[in-house]
Undergrad: 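Pasting a structure below so you can have a look.
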Amino acid sequence: MGVDRPVIGVSCYVEDVDRAPWVAQRSAVLPHGYVDHLERAGALVVVLPPRPDADDDLAAAVLARLDGLVIAGGADVEAARYGAPPQITSQDPRPDRDAWELALARVSKVARMPVLGICRGMQVMAVAGGAALEQHLPDVVGNDEHCPAPGVYAHHLVTPVSGTRLAGILGDGPLDVPTYHHQAVRPSSLEGTGYRAAAWHDDGTLEAMEDPASLFRVAVQWHPEAGADPRLFDELVASARQGGDRG
């Protein structure tokens with residue numbers, strides 16, 4: 001595998017896309033911000049579309065060819081995956097993507113691979129570890145600051161937890177981050193998952209988590225791929241170049 005230029009896999013959607021003159025063409029879809037940040041950090045990027053036959057064995061076969069992983073943002077994780085009924089605000093389930101990314105999350109943890117989870121990716125990693133989600137943040141925190149308008153990234157402050165890996169990368173002062181989510185990991189459900197809280201919003205929303213036993217297994221609720229700060233991608237690629245915890 002790549003040493004000078006580590007190979008990073010990024011999960012994505014499969015969607016019907018209109019691209020003139022083609023209409024509803026089935027396509028693997030990923031915002032290019034992920035690719036751009038990773039390539040600038042020195043990685044070779046491979047897109048990992050969901051598979052209908054996804055299981056842990058397939059995930060292991062794919063991850064064996066990679067040096068690191070990004071579990072990308074997207075639609076809500078199906079509530080049944082964490083034993084809850086869906087609320088009326090929940091988006092339509094994506095069973096192919098849920099099955100694939102949950103397998104990637106489980107297997108990458110066992111393989112001790114460097115991983116960055118982003119928005120939905122953080123929620124996938126948490127659910128794979130046994131945590132649950134808040135299905136609609138405005139009902140919990142009383143505001144819509146995390147996703148005030150459809151299709152537009154908002155900005156708000158998050159504060160990393162002093163002494164965490166995340167704070168070592170980004171500092172422990174408040175950060176202005178791009179945000180777009182109406183769900184979040186329920187903080188009380190982190191116990192027993194192997195993750196610890198790594199950043200918070202002032203309204204009590206868990207904004208990041210990390211595995212303290214790993215060199216780099218970090219997840220954030222915001223969207224660094226939509227911003228200018230490269231540090232999380234830089235650290236992921238640097239960890240992948242070192243071989244993660246496997247090197």
Side-chain angles (χ1 to χ4, degrees), residues 11 13 15 29 31 33 50 70-102 105-106 116-161 164 166 170 174-211 218-227 232:
S11 65
Y13 280 110
E15 297 282 348
V29 180
V70 175
I71 305 179
D76 297 343
V77 178
E78 186 176 12
R81 302 282 183 173
Y82 47 94
Q87 295 182 4
I88 194 171
T89 56
S90 295
Q91 297 165 346
D92 291 339
R94 306 296 181 95
D96 60 341
R97 195 168 175 198
D98 284 352
W100 179 225
E101 291 179 346
L102 287 166
R106 288 190 298 265
L116 174 61
I118 293 177
C119 198
R120 169 192 159 87
M122 172 172 166
Q123 296 166 15
V124 166
M125 291 166 67
V127 170
L133 306 182
E134 302 289 2
Q135 291 191 47
H136 194 54
L137 276 176
D139 294 343
V140 178
V141 301
N143 66 70
D144 62 359
E145 187 176 358
H146 301 270
C147 187
V152 178
Y153 288 109
H155 281 260
H156 63 51
L157 297 179
V158 302
T159 304
V161 176
T164 60
L166 185 77
L170 301 178
L175 301 168
D176 187 0
V177 299
T179 180
Y180 191 84
H181 65 103
H182 82 113
Q183 297 195 340
V185 177
R186 185 175 299 156
S188 61
S189 70
L190 271 192
E191 186 175 356
T193 65
Y195 295 108
R196 65 181 178 188
W200 297 93
H201 187 283
D202 283 347
D203 65 13
T205 300
L206 182 66
E207 288 285 343
M209 66 183 196
E210 63 185 32
D211 180 354
V218 175
V220 298
Q221 190 58 70
W222 65 89
H223 281 272
E225 85 286 356
L232 287 172

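Because only heavy atoms are used, hydrogens play no part in the values below, and waters and symmetry mates are left out as well, while side chains stay in.
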Undergrad: Check whether any side-chain N or O of Asp76 sits under 3.5 Å from a backbone N or O of Ser90 as a donor-acceptor pair, and report yes or no.
TA: no
Undergrad: Holding to side-chain contact (heavy atoms from CB on, under 4.5 Å), I want the full list of residues that pass it with Ala80, two or more places apart in sequence or in another chain.
TA: Glu78
Undergrad: Just so I know, are the side chains of Val220 and Leu166 near enough to count as touching, which here means a heavy-atom distance under 4.5 Å?
TA: yes
Undergrad: Sorted by first residue and then second, give each salt bridge (charged side-chain N to carboxylate O under 4.0 Å, His left out) pair with at least one member in residues 193-202; sequence neighbours left out.
TA: Arg196-Glu210
Undergrad: State, with a plain yes or no, whether a side-chain heavy atom of Val140 is found less than 4.5 Å away from one of Asp203.
TA: no
Undergrad: Can you tell me how far apart OG1 (Thr205) and CD (Gln221) are? Round to the nearest 0.5 Å.
TA: 8.5 Å
Undergrad: Kindly give the heavy-atom pair with the smallest separation between Thr89 and His182, and that separation in Å.
TA: O-CE1, 3.4 Å
Undergrad: Do Val185 and Met125 have side chains that get closer than 4.5 Å, going by heavy atoms?
TA: no
Undergrad: Under the rule for side-chain contact (heavy atoms from CB on, under 4.5 Å), what residues qualify as partners of Asp139, not counting sequence neighbours?
TA: Gln87, His136
Undergrad: Let's go through Ile118 and Leu232 carefully: what are the C-alpha distance in whole Å and the side-chain angles of both, what is the deciding distance for side-chain contact (heavy atoms from CB on, under 4.5 Å) to 0.1 Å, and is it a yes or a no?
TA: CA-CA 10 Å; Ile118 293 177; Leu232 287 172; over 6 Å; no
Undergrad: Mind checking salt bridge (Lys or Arg N to Asp or Glu O under 4.0 Å) for Glu207 and listing every partner two or more places apart, or none if nothing turns up?
TA: none
Undergrad: For Ser189 and Ala131, which heavy atoms make the closest approach, and how far apart are they?
TA: OG-CB, 3.3 Å
Undergrad: Where is the tightest heavy-atom contact between Met209 and Ala126, given as atom of each residue plus distance?
TA: CE-N, 3.5 Å
Undergrad: Which pair of heavy atoms, one from Pro50 and one from Tyr13, lies closest together, and at what distance?
TA: CD-C, 4.1 Å
Undergrad: Could you tell me which residues satisfy ring pair (Phe, Tyr, Trp, His ring centres under 6.0 Å) with His223, sequence neighbours excluded, listed by chain and number?
TA: Tyr153
Undergrad: Looking at every non-hydrogen atom in both residues, tell me the closest pair between Pro187 and Gly204 and how far apart they are.
TA: CG-O, 4.2 Å
Undergrad: Tell me every residue that passes ring pair (Phe, Tyr, Trp, His ring centres under 6.0 Å) with His156, counting only those two or more places apart in sequence or in another chain.
TA: His146, His201
Undergrad: Hey, does the side chain of Gln135 reach the backbone of Pro85 with a donor-acceptor pair shorter than 3.5 angstrom?
TA: yes
Undergrad: Any donor-acceptor pair under 3.5 Å linking the side chain of Tyr180 with the backbone of Val152?
TA: no
Undergrad: Please list all pairs meeting salt bridge (charged side-chain N to carboxylate O under 4.0 Å, His left out) that have one or both residues in residues 85-98, counting only residues at least two apart or in different chains.
TA: Glu15-Arg94, Arg81-Asp98, Arg97-Glu101, Asp98-Arg120
Undergrad: Can you sort out the partners of Glu134 under salt bridge (Lys or Arg N to Asp or Glu O under 4.0 Å), two or more places apart, ordered by chain and number?
TA: Arg186
Undergrad: Could you tell me the separation between the CH2 atom of Trp222 and the CE atom of Met122, rounded to the nearest 0.5 Å?
TA: 8.5 Å
Undergrad: For the atom pair CG (Leu157) and CD (Glu145), what is the distance rounded to the nearest 0.5 Å?
TA: 8.0 Å
Undergrad: Quick one: list whatever passes side-chain contact (heavy atoms from CB on, under 4.5 Å) with Val161, sequence neighbours left out.
TA: Thr164, Trp200
Undergrad: Sequence neighbours left out, what passes side-chain contact (heavy atoms from CB on, under 4.5 Å) with Glu191? Give chain and number order.
TA: none
Undergrad: Could you note down all residue pairs passing salt bridge (charged side-chain N to carboxylate O under 4.0 Å, His left out) where residues 123-133 supplies at least one of them, sequence neighbours left out?
TA: none
Undergrad: Within the distance-only criterion (no hydrogens, no angle test), does the side chain of Thr159 pair as donor or acceptor with the backbone N or O of Pro174 below 3.5 angstrom?
TA: no
Undergrad: What residues, two or more places apart in sequence or in another chain, satisfy side chain to side chain donor-acceptor pair (under 3.5 Å) together with Thr193?
TA: none
Undergrad: Looking at every heavy atom in both Val77 and Tyr82, which two are closest together, and how far apart are they?
TA: O-CE2, 4.1 Å
